[in-house]
Amino acid sequence: MLDMTIERLSAAVGEKVTLQGWVMGKRTGKGLVFLIVRDGSGLCQCIVDESKVDNAIFEDAKRISQESSLRITGQVVADERQVGGYELHVSGLEIVSLSQDFPITPKEHGVDFLMDHRHLWLRSKRQWAIMRIRNTIIMAIHEFFQGEGFIQTDAPIFTGNAVEGTSTLFETDFYGEPAYLSQSGQLYGEAMAMAFGKIYTFGPTFRAEKSKTRRHLSEFWMIEPEMAFHNLDMNMDTIERFLRFVVLKVLDKNTLELDMIGRDTTVLKQITEPFPRITYEDAVKILKGELEVDGKNAIKTLEADLVEVQARIAAIQAEIAEREAKIAVPGMKKGEIGFHQSKIQQLKEELSEQEEAGRNIPMWLKSARDFRMGNDFGGSDETVLTRLFNTPIMVYNWPHEVKAFYMKRDEQDARWAKGVDVLAPEGYGEIVGGGERETQLDLLIEKIHEHELPMEAFEWYLDLRRFGSVPHAGFGLGLERLIAWTCKLPHVRETIPFPRMYGRIAP
RNA sequence: UCCUCGGUAGCUCAGCUGGUUAGAGCACUUGACUGUUAAUCAGGGGGUCGUUGGUUCGAGCCCAACCCGGGGAGCCA
């Protein structure tokens with residue numbers, strides 16, 4: 001049978017099956033060739049034994065190279081030591097296409113090199129695992145909203161007016177008129193919520209920010225639910241249920257993948273606990289160390305982190321020196337030297353990470369101490385704040401000056417706009433931004449003037465308040481940031497098949 | 001736009017205060033090893049040291065400008 005996949009080998013133990021795939025790796029021994037085959041669904045070690053196959057097959061097994069494609073036939077044997085738990089005792093092998101000098105070797109590579117070979121990098125284990133988790137998350141998003149009675153609608157990607165300034169928009173030529181690639185479907189989502197009750201959009205979003213950081217992409221996918229007859233509290237309830245649902249789905253369906261990328265799931269499992277809801281005012285106090293959380297002080301915690309980082313740097317430097325001294329002694333076996341060298345390599349990588357933390361933390365501390373009530377949080381402020389929590393936190397009631405014109409003003413205290421930012425733990429920061437929308441026509445018009453926006457471009461939007469305005473709320477979730485946190489990746493670029501970012505348009 | 005770190009073999013890096021023919025590991029290749037999981041052993045080929053200009057008897061190393069990349073600030077999901 002040719003439709004066998006590695007994923008389904010467990011149902012075929014003892015049977016003779018044929019797999020179709022690619023060679024990920026090869027090890028040879030006297031009379032034996034071990035092939036690691038991947039077929040997209042998983043990995044399987046295939047053993048070619050010289051004494052059990054035709055000579056021609058054994059010769060093919062010996063000459064087959066990394067990433068050659070093949071059809072391979074053999075008996076499925078359970079073996080707990082193997083990735084996936086099964087191996088194939090080969091009786092037949094057909095080379096479909098021989099590959100030559102595959103650029104991505106089992107050794108470490110630099111980011112630039114890997115990014116230039118993204119089309120091939122996607123074949124590696126880690127990327128395989130991440131893309132499967134991405135798939136789970138996308139499906140879970142649909143499942144959650146569909147299950148709660150939302151309908152998926154889509155906002156346009158071309159927009160004619162620059163809502164929040166043209167500096168962050170990509171301009172294109174739309175039949176001779178300037179048009180911009182959408183940086184949010186928010187306003188259209190509101191129109192659709194007035195038509196269909198509860199909706200969500202799920203599509204690509206474009207931001208022309210010249211940001212070169214671990215959490216920015218120029219093209220990313222955003223989920224934007226919008227709910228009629230919902231207020232800020234109901235919005236926060238929805239966000240919490242939603243994030244919990246998605247993360248639990250990943251924990252359920254991707255244990256293998258999470259393990260492959262080395263994700264410690266302890267923090268993820270705490271997603272079942274309530275998310276703290278903190279007003280902006282309190283968040284600022286926590287940030288400045290004026291308010292403690294469960295007896296923990298943000299500033300003091302960070303200072304302790306710094307001490308720890310410095311101790312770690314010293315320990316790493318000592319270990320590197322020790323291993324280098326060992327290698328320097330003549331007479332050590334080559335293999336052992338290689339072992340020490342690879343350890344030193346790892347240590348040096350960790351050292352540069354720790355050194356970076358050592359440089360950053362004092363800056364973060366300064367930023368936190370000097371923070372002024374009324375400002376928006378910067379990336380480091382979010383890190384300092386979330387350092388004290390193991391679940392996402394929801395910061396709400398923001399100074400209205402820092403939020404968009406459509407955000408509803410708090411009826412009790414006009415200083416605040418009823419927005420909410422959800423900050424992920426472990427240093428990931430903002431993954432969701434949302435809030436309750438302004439419903440009053442006159443306040444909205446005032447805000448549009450205040451932001452110096454072109455009134456005529458918003459006439460259609462104002463119609464939503466003229467014809468049956470209702471309280472409504474919604475939020476936007478950056479898919480890639482959610483994936484990055486779920487997988488604890490150092491950078492969002494690995495969460496999307498072909499990242500588009502400042503300075504990167506190919507492949 | 002600004003700050004910061006970097007660019008040496010196909011890949012990852014070393015190259016001490018400037019000094020003869022620029023090194024290692026991996027990958028590739030030849031051979032040895034009956035089960036390996038990036039840690040076996042022996043041999044082999046492979047480099048305009050990002051670009052341009054300068055300092056010097058002499059530059060991979062020093063200086064300047066530029067190009068490319070990493071991280072961060074601003075901005076944000």
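Not measured: the values here are computed from a predicted model. A note on names: the letters A, B, ... follow the listed sequences, proteins ahead of strands, and every chain is numbered from 1.
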B:G46 versus B:A65 - spacing of their P atoms, nearest Å:
38 Å
Nucleotide of B:G70, B:G72, B:G35 approaching A:L32 most closely (side-chain heavy atoms)
B:G35
Short side-chain N/O contact to B:A27 OP1/OP2 from A:H109, under 4.0 Å:
no
B:C75, B:U36, B:G72: which one has an atom nearest the side-chain heavy atoms of A:S211?
B:C75
Considering just the side-chain nitrogens and oxygens of A:K212, establish if one lies under 4.0 Å of OP1 or OP2 belonging to B:G69.
no
Any idea which of B:G72, B:G35, B:A77 is nearest the A:H216 side chain?
B:A77
Considering only B:G35, B:U1, B:U37, which nucleotide approaches the side chain of A:K210 most closely?
B:U1
P spacing across the pair B:G43 / B:C68, given as an integer number of angstrom:
44 Å
In whole Å, what separates the C1' atom of B:A59 from that of B:U8?
14 Å
Could you tell me how far B:C75 sits from B:U56 if I compare only their P atoms? Round to whole Å.
48 Å
With rounding to whole Å, what would you report as the distance between B:U40 and B:C2 at their P atoms?
49 Å
State whether A:R207 and A:E480 are salt-bridged, where the test is any N-O pair (Lys NZ or Arg NE/NH1/NH2 against Asp/Glu carboxylate O) under 4.0 Å.
no
Between B:U29 and A:R63, is there an OP1 or OP2 to side-chain N/O distance shorter than 4.0 Å?
no
Nucleotide of B:G70, B:G35, B:G72 approaching A:H89 most closely (side-chain heavy atoms)
B:G35
Under 4.0 Å between a side-chain N or O of A:R215 and OP1 or OP2 of B:A73?
yes
Roughly, in whole Å, what's the span from CD in A:E209 to C1' in B:U1?
14 Å
Nearest-angstrom distance, C1' atom, B:C3 to B:C16
29 Å
State the dot-bracket string of RNA chain B. Criteria: Watson-Crick or G-U wobble, both atom distances under 3.5 angstrom; notation: ( ) intrastrand, [ ] crossing earlier pairs, | interstrand, . unpaired.
(((((((..((((.....[...)))).(((((.......))))).....(((((..]....))))))))))))....
With RNA chain B as reference, determine whether A:Q45 or A:R481 sits nearer its 5' end, using the nearest nucleotide of each.
A:Q45
Considering only NZ, NE, NH1 and NH2 on the basic side and carboxylate oxygens on the acidic side, decide whether A:E219 and A:R500 come within less than 4.0 Å.
no
